[in-house]
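Have a look at the structure below before the remarks.
These numbers were taken from a predicted model, which means no experiment stands behind them. Along the sequence shown, the residues carry numbers beginning at 1.
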Amino acid sequence: MLGKDQTTQLLQIRLASAVELARATLEPYWPWITNTIGVPLDETLTIEVDTNPGDGVGAHILQGIGVGSATAARTRSWHPFIENWSLPAGVSPRVVSCLQRERGSKGLPSSVWEIDWQECPVAFQLKGLGRRVVSVQVPLSFPPGDNYMAASSKHWFIVGKEDAAKLLVLIQQVQATSIPYFQTGYGRTPLATKYDWSTVVLDASARRMVQTDFELFFERE
């Protein structure tokens, strides 16, 4: 029972799909997004992919630090296709920076930073496209006990419909210079440059023995 000075407060719980939650996250940016692309929202197409050129923007802003090979690979893959980029005004971008150990050019380990650009959208002018496209990393959360990671993300491109097919062709060209590998952190599939046996951190004689064993296995297959 409520007393005289107490008021009833209603708590509303809404169940929404991941897409609806992602769109709600982008709601403050919609005027900037449509103005940047230059067409109304109903004349755009949202494409979900597994590559995020925003990582290169983060690496550019943080120039002067040692960047890890995964970040460098993603940046190199996109660099030839990006003519310019811009950010919405009045926003402080969020970047996840993870310090890691990586073997250097002389085989000695060194500390490097892996850069992961987060939910702040980035507008890109890409080669061959008539309009700008907006790249955004959309954060997602799942309830405990779900089959997904508790926190994950999806990457979206928002593009004018007339440029959508051209964008997919461009992404295909980007990925042609890289190979995907699976990474458990953040539920992402980042891009890495192609590698060979010379990048394996092993004693030279042990590496040759392991390499020979693998090659003989595939020959017998």
Side-chain angles (χ1 to χ4, degrees), residues 22-23 25-41 43-98 112-140 152-178 180 183 186 188-193:
R23 286 176 175 160
T25 301
L26 293 178
E27 187 173 355
Y29 300 110
W30 285 127
W32 176 82
I33 290 173
T34 54
N35 182 66
T36 298
I37 299 176
V39 295
L41 189 59
E43 294 183 22
T44 66
L45 188 67
T46 300
I47 301 175
E48 184 178 311
V49 292
D50 60 0
T51 177
N52 182 6
D55 293 340
V57 175
H60 177 79
I61 294 175
L62 297 171
Q63 287 187 42
I65 67 171
V67 175
S69 59
T71 296
R74 296 192 296 272
T75 302
R76 281 195 303 270
S77 298
W78 275 100
H79 182 74
F81 303 96
I82 297 174
E83 296 182 346
N84 56 67
W85 57 268
S86 62
L87 303 176
V91 175
S92 175
R94 186 169 70 95
V95 179
V96 174
S97 303
C98 301
V112 295
W113 290 96
E114 290 295 348
I115 305 300
D116 192 2
W117 186 266
Q118 294 299 301
E119 64 278 344
C120 178
V122 186
F124 288 100
Q125 182 64 59
L126 302 175
K127 288 185 177 180
L129 273 63
R131 298 181 182 275
R132 289 188 151 202
V133 303
V134 172
S135 164
V136 59
Q137 184 90 334
V138 183
L140 300 176
S152 185
S153 60
K154 294 291 183 182
H155 185 262
W156 287 1
F157 276 109
I158 305 172
V159 57
K161 290 180 180 177
E162 71 276 12
D163 283 329
K166 296 177 183 178
L167 175 62
L168 290 177
V169 172
L170 187 146
I171 292 174
Q172 187 177 9
Q173 294 173 353
V174 170
Q175 296 195 353
T177 62
S178 306
Q183 177 175 306
Y186 308 112
R188 298 186 56 204
T189 307
L191 296 176
T193 53

Practice problem: Report the C-alpha separation of His155 and Ser135 in whole Å, then their side-chain angles, then the decisive distance to 0.1 Å, and conclude whether the side chain to side chain donor-acceptor pair (under 3.5 Å) test is met. | Solution: CA-CA 7 Å; His155 185 262; Ser135 164; 2.7 Å; yes
From [atom1] ([X]) to [atom2] ([Y]), nearest 0.5 Å:
{"X": "Ile37", "Y": "Ile33", "atom1": "CD1", "atom2": "CD1", "result": "6.5 Å"}
{"X": "Tyr29", "Y": "Leu87", "atom1": "OH", "atom2": "CG", "result": "10.0 Å"}
{"X": "Trp30", "Y": "Thr44", "atom1": "CH2", "atom2": "OG1", "result": "6.5 Å"}
{"X": "Trp78", "Y": "Asp55", "atom1": "CH2", "atom2": "CG", "result": "11.0 Å"}
{"X": "Ile115", "Y": "Ile65", "atom1": "CD1", "atom2": "CD1", "result": "4.0 Å"}
{"X": "Ile82", "Y": "Phe124", "atom1": "CD1", "atom2": "CZ", "result": "4.5 Å"}

Considering all heavy atoms of both residues, which atom of [X] and which atom of [Y] are nearest to each other, and what is their separation?
{"X": "Trp156", "Y": "Glu48", "result": "NE1-OE1, 3.5 Å"}
{"X": "Thr36", "Y": "Ala123", "result": "CG2-CB, 3.3 Å"}
{"X": "Ala164", "Y": "Leu45", "result": "CB-CD2, 3.6 Å"}
{"X": "Pro53", "Y": "Thr51", "result": "CD-O, 3.7 Å"}
{"X": "Val39", "Y": "Gly160", "result": "CG2-CA, 4.5 Å"}
{"X": "Pro121", "Y": "Pro88", "result": "O-CD, 3.3 Å"}

Quiz item: Can you list the steps and then say if Val174 with Phe81 is a side chain to side chain contact (heavy atoms under 4.5 Å, CB included)?
Solution: CA-CA 8 Å; Val174 170; Phe81 303 96; 3.6 Å; yes
Quiz item: Of all residues at least two apart in sequence or in a different chain, which pass the side chain to side chain donor-acceptor pair (under 3.5 Å) check with Ser86?
Solution: Arg132
Exercise. State which residues pass side chain to side chain donor-acceptor pair (under 3.5 Å) with Arg131; sequence neighbours excluded, sorted by chain then number.
Key: Glu162
Practice problem: Any chance you could lay out the side chain to side chain contact (heavy atoms under 4.5 Å, CB included) test for Trp113 and Val67, step after step, and finish with the verdict? | Solution: CA-CA 5 Å; Trp113 290 96; Val67 175; 5.6 Å; no
Quiz item: What residues, two or more places apart in sequence or in another chain, satisfy salt bridge (charged side-chain N to carboxylate O under 4.0 Å, His left out) together with Glu119?
Solution: Arg94
Self-check item: Counterpart residues, salt bridge (charged side-chain N to carboxylate O under 4.0 Å, His left out), relative to Glu83 (two or more places apart)
Solution: none
Practice problem: Sequence neighbours left out, what pairs pass salt bridge (Lys or Arg N to Asp or Glu O under 4.0 Å) with at least one residue falling in residues 166-176? | Solution: none
Quiz item: Is there a side-chain contact between Leu126 and Asp163, using heavy atoms and a 4.5 Å cut-off?
Solution: no
Exercise. Report the C-alpha distance between Leu62 and Ser97 in whole Å, list the side-chain angles of each, state the deciding distance to 0.1 Å, and finish with yes or no for side chain to side chain contact (heavy atoms under 4.5 Å, CB included).
Key: CA-CA 10 Å; Leu62 297 171; Ser97 303; 4.3 Å; yes
Quiz item: Which residues satisfy the ring pair (Phe, Tyr, Trp, His ring centres under 6.0 Å) test with His60, sequence neighbours excluded?
Solution: Trp85
Quiz item: Taking Gln118 for the side chain and Asp116 for the main chain, is one N or O donor matched with an acceptor at less than 3.5 Å?
Solution: yes
Exercise. Show the numbers, then the answer: is there a side chain to side chain contact (heavy atoms under 4.5 Å, CB included) between Val91 and Trp32?
Key: CA-CA 12 Å; Val91 175; Trp32 176 82; over 6 Å; no
